[in-house]
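Below is one structure, written out as structure tokens; the observations come after it.
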Number of protein chains: 2
Amino acid sequence: MSNAKVLPLLEPEAVAPCCPPLTERPMSADEAEVAAKMFKALGDPVRLRLFSAVASHEGGEACVCDISDVGVSQPTVSHHLKKLKEAGLLSSERRGTWVYYRVEPSVLAAMGALLAGAAKAA
Amino acid sequence: MSNAKVLPLLEPEAVAPCCPPLTERPMSADEAEVAAKMFKALGDPVRLRLFSAVASHEGGEACVCDISDVGVSQPTVSHHLKKLKEAGLLSSERRGTWVYYRVEPSVLAAMGALLAGAAKAA
DNA sequence: TGTCTATGTTGACGTTTATCGATACAGGTG
DNA sequence: CACCTGTATCGATAAACGTCAACATAGACA
């Protein structure tokens with residue numbers, strides 16, 4: 001598999017326009033379901049560190065071997081990276097021996113817009 | 001109690017400066033612990049709807065009675081509002097018969113800054 | 001082919017969480 | 001005072017979650 005698009009994950013196009021600013025109107029149940037998945041993905045300390053490690057790496061992309069030092073076992077790291085992928089926050093690609101994860105910018109932009117609106121509310 | 005500051009909750013001053021942009025450098029374990037608590041609070045669909053209902057209400061403040069129609073029981077609503085309060089995202093005040101919840105802007109600003117940085121990374 | 005390394009998957013275990021009904025508390029009204 | 005309404009707490013239960021050890025898979029290289 002040379003392409004990650006065949007995986008049945010959340011696609012950026014599907015989640016990016018999901019979220020009106022939190023202050024605009026009460027979220028519907030469906031909107032909340034989608035948006036909560038993204039927040040939940042960042043709601044674990046280990047996942048947040050892994051995500052930050054990828055995001056802060058050169059080019060917004062990192063090999064698993066570069067970010068695995070977060071104090072948990074290798075299977076646990078793999079499990080968390082999978083969760084981040086399922087939430088649409090990361091994508092992965094195998095290049096030879098190593099697997100590289102990269103941040104999904106459109107989804108983050110959507111989340112940032114969500115919160116930026118709420119912050120200026122009061 | 002006419003003042004919410006006496007409660008042993010996360011104070012805005014304590015969490016606001018916790019978070020460098022996600023892309024700046026890998027988060028430390030301590031930073032991730034604090035930041036993950038905020039994301040986790042918004043990582044539930046019901047809580048996200050409750051928060052959005054408060055944030056979108058006039059003045060960023062709403063009575064519980066105005067936002068309780070989210071499809072779960074009254075104790076569950078109360079439980080989720082408590083969680084949001086413990087995460088520092090909402091504050092509450094009793095005024096006569098009703099209890100009003102209001103958004104805590106500084107914490108949201110911190111979260112927004114976190115994500116805004118990550119969005120522009122790639 | 002076989003072996004070594006990097007990563008993902010499986011199965012199990014203990015902890016946390018979301019939810020509810022029942023109940024308690026607080027404040028207004030009679 | 002008694003009663004009603006709005007909100008919080010308690011106790012129980014089922015589901016989800018984080019973690020690990022063991023195993024599986026994929027690619028590189030000899």
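The shown structure was predicted, so the numbers you read here are calculated from the model rather than taken from an experiment. Note on naming: letters A, B, ... go to the chains in the order of the sequence lines (proteins, then strands), and numbering restarts at 1 for each one.
- Tyr101(B) comes within contact range of the sugar-phosphate backbone alone, with a heavy-atom separation under 4.0 Å but no base atom that close.
- Residues Val107(A) and Tyr100(A) do not share a hydrophobic cluster, defined by chaining ILVMFWY side chains whose heavy atoms lie under 4.5 Å apart.
- Reading DNA chain C from its 5' end, the first and the last nucleotide to sit under 4.0 Å from a heavy atom of chain B are dT17(C) to dG28(C).
- For Cys65(A), the side chain to side chain contact (heavy atoms under 4.5 Å, CB included) partners at least two apart in sequence or on another chain are Cys63(A), Trp98(A).
- Residue Leu81(B) contributes atom CG, which lies 16 Å from atom P of dG6(D) at whole-angstrom precision.
- The two atoms that bring Leu108(B) and Phe51(B) nearest to each other are CD1-CZ, 3.3 Å, heavy atoms only.
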Could you run down the sub-3.5 Å N/O contacts of the protein with nucleotides 18-21 of chain D?
{"unit_1": "dG18(D)", "atom_1": "OP1", "unit_2": "Arg47(A)", "atom_2": "NH1", "d": "3.3"}
{"unit_1": "dG18(D)", "atom_1": "OP1", "unit_2": "Arg47(A)", "atom_2": "NH2", "d": "2.9"}
{"unit_1": "dG18(D)", "atom_1": "OP2", "unit_2": "Arg47(A)", "atom_2": "NH1", "d": "3.3"}
{"unit_1": "dG18(D)", "atom_1": "OP2", "unit_2": "Lys83(A)", "atom_2": "NZ", "d": "3.3"}
{"unit_1": "dT19(D)", "atom_1": "OP2", "unit_2": "His80(A)", "atom_2": "NE2", "d": "2.5"}
{"unit_1": "dC20(D)", "atom_1": "OP2", "unit_2": "Ser73(A)", "atom_2": "N", "d": "2.7"}
{"unit_1": "dC20(D)", "atom_1": "OP2", "unit_2": "Ser73(A)", "atom_2": "OG", "d": "2.9"}
{"unit_1": "dC20(D)", "atom_1": "OP2", "unit_2": "Thr76(A)", "atom_2": "OG1", "d": "2.9"}

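- Rounded to whole angstrom, the span from the CG atom of Asp66(B) across to the P atom of dG6(D) amounts to 11 Å.
- Checking Glu61(B), His57(B), Glu58(B) one by one against Asp66(B), the side-chain contact (heavy atoms from CB on, under 4.5 Å) holds for a single residue, His57(B).
- Within the 4.0 angstrom heavy-atom criterion, base atoms lie near Ser78(B).
- Closest approach of Ala41(B) to Ala87(B), counting heavy atoms only: CB-CB, 3.4 Å.
- Between the side chain of Arg49(B) and the main chain of Met27(A), a donor-acceptor pair closer than 3.5 Å is present.
- When atom types are taken as modelled, the side chain of Arg47(B) and the backbone of His80(B) share no donor-acceptor pair closer than 3.5 angstrom.
- For Ser52(A) (side chain) and Leu22(B) (main-chain N/O), a donor-acceptor pair under 3.5 Å exists by modelled atom type.
- The distance from atom CZ of Arg94(A) to atom C1' of dA28(D) is 11 Å, rounded to the nearest whole Å.
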